[in-house]
Amino acid sequence: MGKNTPKAIRGTQDIFGAEAEAFAFVVETFERVRKLYRFRRVEMPVFEKTEVFSRAIGETTDVVSKEMYSFEDRGGDSLTLRPEFTAGIARAYLTNGWQQHAPLKVATHGPLFRYERPQKGRYRQFHQIDAEIIGAAEPQADVELLAMADQIIRELGIVDVTLHLNTLGDAESRDAWRAALVEYFRAVKDELSEDSQERLEKNPLRILDSKDPRDRKFVADAPKIDAFLSEDAKAFFEAVTSGLDAAGVKWTRAESLVRGLDYYRHTAFEFIPDEGSEAASKLGSQSTILGGGRYDGLMESLGGAPTPAVGWAAGIERLAMLVGEKGEPKADVIVVVEDDTANAQNHAWYVLHVLRDEGYVAEMIATGSPRKRYDKAVKRGAGAIFKCGYETHGLQVEGSIEPALFELLERLS
RNA sequence: GCGAUCGUAGCUCAGUUGGUUAGAGCGCCGGUUUGUGGUACCGGAGGUCGGGGGUUCGAGACCCCUCGAUCGCCCCA
């Protein structure tokens, strides 16, 4: 590489070969399964007015101030590269009159951007698959959404991953729980980690998933949401869990699983690799592969009518790390041009034309030393190797190919 | 923003307590052998050892700065 060559932006990746195949496999599986559940495809802009995200996420955390890719366009508007799908979809729901389709099931995938320090499974431009059900207040929506997530993960062949499920209750339950937590942790403030002492003021729920042992010993005995759930919230959660059981979705209760943002209500969930599993070690410390919840409070923050909704997103890169090697498929036929005559070359073009029109995967080797071209084809591997020389054309079959292709190649010889 | 580890050919790496013209394998290119072919052999291209400064008679190795990568912390919509 010359020192004059521009380098890739930090946190971006050039995905190629086997990794790109795994990436594509994730997206293809998602697309296939999402149709089984009749989630409708949406394509969203990659950037929005900054306020779409800042109002949705809330100004509270430094997420907005520090971790968004924001810039001014020529008209002076502040725009932001989308850090998530949900806010943009909510905006579209409100500005396009999609209320008429409620309850609306939509799915999408693509790149997202967050200004973060890159590490394993974490990039500045990363990619997610995403599913949302908007305008549905019923727990059935949560169940269906989770059933789809579960099926996608299973069909990807990912094992040793468990659905961790919690409820945050309705607004009243949640506020009461939060107050109790603050009171509980404040009493032992001096014994908490420095980070958690700060969390106590900024985001007390987050103390619950602190990794610091100083915090963990208090987390076990912290007030539980269950004690604060209203009857409605309790019934909602029970409907979700019994629905999951009936739908064959395995789950585990995770009382410490929380969401930082205020608009989340009721169901919150993450699919996480089991401790000590191969999946867990492949992912490092960024272990959640799919996460989401019910965000009944979001639409109002964007100036819309109160609208219940639930959704999830999953990192394609992280899923791709778990799907195993997806080798690039071999060609059905490799056509070897055995000498540099126009005869040989043109016959090769003709053979390739016929093969590809018939739907066979075919490529040509026609460069480098003529003597080594055949070896090159053998190394690359193919169902059949077809040789084009000045006068003769020959067929070499490796392993077994289907009779129709064999006959076609014989005819072309 | 903080911390740890690491930057030597296109790729994976070796380079001994600092010591003559910087190495291997794979890949690439060419040739020989084989001659119906996945082998073997020979040769070639390709590196200001991430960049800058310093210590030294001498630095790929040691020190400082810088850039980048990886992993972790914070954060996690």
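Residue numbering restarts at 1 for every chain, and letters A, B, ... go by the order of the sequence lines.
Under 4.0 angstrom from either OP1 or OP2 of B/rG31 there lies at least one side-chain N or O belonging to A/Ser369. Between A/Lys379 and B/rG27, a side-chain N or O to OP1/OP2 separation shorter than 4.0 Å is present. One finds no side-chain N or O of A/Lys66 lying less than 4.0 angstrom from the OP1 or OP2 phosphate oxygen of B/rC75. Not one side-chain nitrogen or oxygen of A/Lys7 sits closer than 4.0 Å to the OP1 or OP2 atom of B/rG51. For the pair A/Gln119 and B/rG72, the criterion of a side-chain N or O lying under 4.0 Å from OP1 or OP2 is met. When the side-chain nitrogen and oxygen atoms of A/Arg114 are compared with OP1 and OP2 of B/rC76, none of them lie within a distance under 4.0 Å. Residue A/Ser285 places at least one side-chain N or O closer than 4.0 Å to OP1 or OP2 of B/rC73.
Distance check on atom C1': B/rG72 versus B/rC63 gives 27 Å, rounded to whole Å. Comparing the same atom, C1', in B/rG18 and in B/rG58 gives a spacing of 8 Å after rounding to whole Å. With P as the reference atom, B/rU55 and B/rC67 are 23 Å apart, rounded to whole Å. Atom name P, nucleotides B/rU5 and B/rA9: the rounded distance is 23 Å, in whole Å. Atom name C1', nucleotides B/rG23 and B/rA14: the rounded distance is 7 Å, in whole Å. To the nearest whole angstrom, the two P atoms, one in B/rC65 and one in B/rU48, are 26 Å apart. Comparing the C1' positions of B/rU20 and B/rG25 gives a spacing of 26 Å, expressed to the nearest Å. Going from the P atom of B/rC13 to that of B/rU56 covers 36 Å, rounded to whole Å.
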- [ ] Apply salt bridge (charged side-chain N to carboxylate O under 4.0 Å, His left out) to the pair A/Arg214 and A/Asp212, showing each step before the final yes or no.
- [x] CA-CA 5 Å; A/Arg214 286 172 290 173; A/Asp212 195 304; 2.8 Å; yes
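Ring geometry for A/Phe47 against A/Phe71 counts as parallel: the plane angle stays under 30°, on a 0 to 90° scale with 60° as the upper cut.
Counting only heavy atoms from C-beta on, A/Lys211 has its side chain closest to B/rC73 among B/rA77, B/rC73, B/rG38. Considering only side-chain atoms of A/Gln286, the nucleotide from B/rA77, B/rU33, B/rC75 that sits closest is B/rC75. Considering only side-chain atoms of A/Arg371, the nucleotide from B/rC76, B/rG35, B/rG30 that sits closest is B/rG35. The side chain of A/Arg122 lies closest to B/rC74, out of B/rC74, B/rA77, B/rG38. Considering only side-chain atoms of A/Lys120, the nucleotide from B/rC71, B/rG38, B/rA77 that sits closest is B/rC71. Listed candidates were B/rA77, B/rG38, B/rU70. Nearest to the side chain of A/Tyr264 is B/rA77.
Seen from the ring of A/Tyr115, A/Arg124 counts as a face-on cation partner, given the 6.0 Å and 45° thresholds.
A/Gly291 comes within 4.0 angstrom of nothing in the nucleic acid, heavy atoms only. Residue-level contact check: A/Lys387 touches the bases, meaning some heavy atom is under 4.0 Å from a base atom. Nucleic acid contact class of A/Tyr115 (heavy atoms, under 4.0 Å, all strands): none. Counting any heavy atom pair closer than 4.0 Å across all strands shown, A/Arg10 reaches sugar-phosphate atoms only and no base atom. No engagement by A/Glu194 is indicated, since no non-hydrogen atom pair under 4.0 Å with the nucleic acid exists. Across all strands shown, A/Arg199 has heavy atoms under 4.0 Å from sugar-phosphate atoms exclusively, and none from any base.
Side chains of A/Ser193 and A/Asp195: a donor-acceptor N/O pair is absent below 3.5 angstrom, by distance only. In this model, a donor atom of one side chain and an acceptor atom of the other lie less than 3.5 Å apart for A/Gln151 and A/Tyr37.
Between the base of B/rC74 and the side chain of A/Arg117 there is no donor-acceptor pair shorter than 3.5 Å. A donor-acceptor contact under 3.5 angstrom links the side-chain atoms of A/Lys372 to the base of B/rG31.
Two residues, A/Glu116 and A/Gly121, neighbour RNA chain B, and the one matched to the more 5' nucleotide by heavy-atom proximity is A/Gly121. Nearest-nucleotide assignment on RNA chain B puts the 5′-proximal partner with A/Ser210, out of A/Ser210 and A/Glu270.
Distance CZ (A/Phe126) to C1' (B/rA77): 9 Å, rounded to an integer number of Å.
For CD of A/Glu300, the number of neighbouring non-hydrogen atoms (other residues, nucleotides, ligands) closer than 6.0 Å is greater than 12. Atom NZ of A/Lys330 has 12 or fewer heavy atoms from other residues, nucleotides or ligands within 6.0 Å.
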